[in-house]
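Order of listing sets the numbers, starting from 1, for every ligand and every atom in it. This one's a predicted model, so the numbers in the text were calculated from it and none came from an experiment.
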Amino acid sequence: MGNSNIHPDAVIVGGGFAGVTAARELSLRGRSTVLVEARDRLGGRTYTADHDGHAMELGGTWVHPAQPNVWAEINRYGLETEPLPAPEGLRQAIVSGGRIVDLSDDEVAQGVAALDQFCAPGKTLFPEPYGETWGPDPQGYGDRSMREHLETLQLSPQVRDWVETMCCLVALGPLDQAAASEFFRTYALSGWSVEQAMAALTATKLVKGTRELIGSIAEQARLADIRLSTPVLRVAQADGEVRVELANGDTISAPVGLIALPMNVLNSVEFDPPLSEIKRTASTERHAGAGMKSYVRVKGDIGNVSVMAPEAHALNWAVTYRHGAEGSWLVAFAANPDKLPMAGFDDVAGMQEALQPLLPGVEVEEIFGWDWVNDPLALGTWCIYRPGQLAQILPDLRTTEGRLFFAGADSAIAWRSFIDGAIESGYRAARDIDEYLGAGKG
Ligand SMILES: Cc1cc2nc3c(=O)[nH]c(=O)nc-3n(C[C@H](O)[C@H](O)[C@H](O)COP(=O)(O)OP(=O)(O)OC[C@H]3O[C@@H](n4cnc5c(N)ncnc54)[C@H](O)[C@@H]3O)c2cc1C
């Protein structure tokens, strides 16, 4: 057991935004940590990869001033942001009724009005979206899927297809498995405004990528010993300490541990004593975010386009990332990857077939993406609760167990499932751990 003599104030499992933020915050409070991350990089479900001369985000991308924690971090490190998609000359279209309809400003406004109707329960369900609780739910909205809620609205077919596609993009998972309340919450966090929610979801990205942001945070975590390529196998609590056992045979002991893992992978680590039944069940059930995001290089200049398609289609959104005569890159999203006629990210013909309903005639040359759903360290995309999970699992997911604290975007209070939520949870965990240690419980 090589490193069992190392005794930091806390050991942090997981180097996504939640874990790294907590490491920095603890450093700033004079607390030492060892942070162990299974991958050979920090960032977890954010991943800026250099490809074809671009810093491409394979995971989390969009940030917005309405997201207070991530925006404060962007300001703190003076990072540059840019719009995506570029607003100039953006052609917006939807596949509806078997054809591609170019949307006028009026038609987009009709969609926004219908989405406002869809999200209206967010006004009573999330009257204080930055708080830990939510409002009364006599209608049982928390148990309703996006699909079920959509069925209750009277909408014209094209407007309905628009709202349905927006649901696909918020869930990035099957609409009958995603809770409608997840969309209500984003709407509430956006000042109960659909326009603001749309901007928060997909308007602004970091020029040099999320990699620069997490790198800046990690650099300031001066009292953190960050170890990459260091998977954790087991976490035990005994004799007044937490022992984290690593795949390389080492053990790290500390008075407290912070578990900053995705909810879907909690069960892949052995805990002794076992985690609460609610945490274990949540990890087995998983959240509903199980979609696909990929970059697609196509021949020629396809212009600045954003084409949406409702759930029956294999792809639900294709949007220009870069375009020019030498070729264009699109970002493509699928809420139901099992509908894709693709065998993998090298199946150019399959992607070409999937893109035809949205962009007929387009010729695919290359695909570049990451399979988050089959990545054992993520087992899903962003966290979208299933109907009922909000009330059943959320409070417990962030509840301390003995000397173990929990953080992560999947159990954040406000912008849960966003980078912002991961950062918020890192702040909270560091504060709680510092208080716990300060109270002499270390
Ligand atoms: C395709 C995609 C698109 C997204 N788009 C956006 C977006 O545009 N805007 C936005 O705000 N959010 C977006 N998100 C969500 C956002 O990226 C995540 O919610 C957030 O980054 C999660 O941070 P986290 O620290 O909670 O978890 P993670 O980033 O998942 O970090 C957990 C870490 O734990 C590590 N780990 C797992 N198992 C072990 C183990 N046994 N031992 C050691 N380490 C382990 C993992 O490797 C990982 O690094 C997107 C996510 C995906 C997948």
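A18 N, 3.0 Å is the protein heavy atom nearest to atom 25 (O) of ligand 1. Regarding atom 12 (N) of ligand 1, its nearest protein heavy-atom neighbour is I419 N, 3.5 Å. Looking from atom 40 (C) of ligand 1 to the surrounding protein, the closest heavy atom is V232 N, 3.8 Å. Scanning all protein heavy atoms for the shortest distance to atom 23 (O) of ligand 1 gives A422 CB, 3.5 Å. Atom 44 (N) of ligand 1 has its closest protein heavy atom at A38 N, 3.1 Å. Of the protein's non-hydrogen atoms, the one nearest atom 6 (C) of ligand 1 is G60 CA, 3.2 Å. Protein heavy atom at the shortest distance from atom 48 (C) of ligand 1 is E37 OE1, 3.4 Å. Scanning the protein heavy atoms around atom 29 (O) of ligand 1, the nearest turns out to be R45 N, 2.8 Å.
Checking T48 against T210 by side-chain atom types alone, a donor-acceptor pair falls below 3.5 Å. In this structure, a donor-acceptor pair under 3.5 Å is present between the side chains of R386 and Q177. A donor-acceptor contact closer than 3.5 angstrom is absent between the side chains of N316 and T165. Between the side chains of N267 and T284, at least one donor-acceptor pair of N or O atoms lies under 3.5 Å. With 3.5 Å as the limit, one finds no donor-acceptor pair spanning the side chains of T399 and K279.
Numbered from 1 in the order shown, with element, the atoms of ligand 1 that lie under 4.0 Å from a heavy atom of G16 read 25 (O), 29 (O), 31 (O), 33 (C), 49 (O). Counting atoms of ligand 1 from 1 in the listed order, those under 4.0 Å from a heavy atom of T61 are 5 (N), 6 (C), 7 (C), 8 (O), 9 (N). In the vicinity of V36, heavy-atom distances shorter than 4.0 Å reach the ligand 1 atoms 43 (C), 44 (N). Atoms of ligand 1 found under 4.0 Å from any heavy atom of P231, numbered from 1 in the order shown, are 42 (N). Close approach to L377 involves these atoms of ligand 1, each under 4.0 Å from a residue heavy atom: 37 (C), 38 (N), 39 (C), 46 (C), 47 (O). Close contacts of ligand 1 with G408, meaning ligand atoms under 4.0 Å from a residue heavy atom, involve 26 (O). Each of the following atoms of ligand 1 lies closer than 4.0 Å to a heavy atom of T46: 17 (O), 21 (O).
Between G43 and ligand 1 there is a heavy-atom distance shorter than 4.0 Å. Ligand 1 is approached by L58 to a heavy-atom distance shorter than 4.0 Å.
Taking the centre of each ring, H149 and F184 come in below the 6.0 Å mark. Residues F405 and Y436 place their aromatic rings such that the two centres sit under 6.0 Å apart.
Relative to the ring axis of W134, K123 does not place its NZ or CZ within 45° and under 6.0 Å from the centre. A cation-pi contact links R41 to Y47, judged by a cut-off of 6.0 Å to the six-membered ring centre and 45° from its axis. By the 6.0 Å and 45° rule, R428 does not stack over the aromatic ring of F406.
In terms of polar-atom proximity, S268 is not counted as a contact of ligand 1, lacking any N or O under 3.5 Å from an N or O of the ligand. Taking only nitrogen or oxygen atoms, main chain and side chain alike, A409 reaches within less than 3.5 Å of ligand 1. Of the N or O atoms in P262, none lie within a sub-3.5 Å distance of an N or O in ligand 1.
S145 and L175 get closest at one heavy-atom pair: CB-O, 3.5 Å.
Ranked by closest heavy atom to atom 16 (C) of ligand 1, the top entry among A412, S417, G59 is S417. The residue among A260, G291, S294, S411 with a heavy atom at the shortest distance from atom 32 (C) of ligand 1 is A260. Among D420, T381, T21, L261, the residue whose heavy atom sits closest to atom 36 (N) of ligand 1 is L261. Residue nearest to atom 9 (N) of ligand 1, selected from Y47, F333, W62: W62 (by heavy-atom distance).
The aromatic rings of W370 and W372 sit tilted, their planes meeting at an angle between 30° and 60°. In this pair, W329 and H51 present their aromatic rings perpendicular. The plane angle is above 60°, beyond the 30 to 60° band. Under the 30°/60° scheme for interplanar angles, the aromatic rings of Y321 and Y295 are found to stand perpendicular.
Residue contacts with ligand 1 for V269 involve side-chain atoms from C-beta outward but no N, CA, C or O (heavy atoms, distance under 4.0 Å).
Among residues two or more places apart in sequence or in another chain, the side-chain contact (heavy atoms from CB on, under 4.5 Å) test is passed with E435 by R431.
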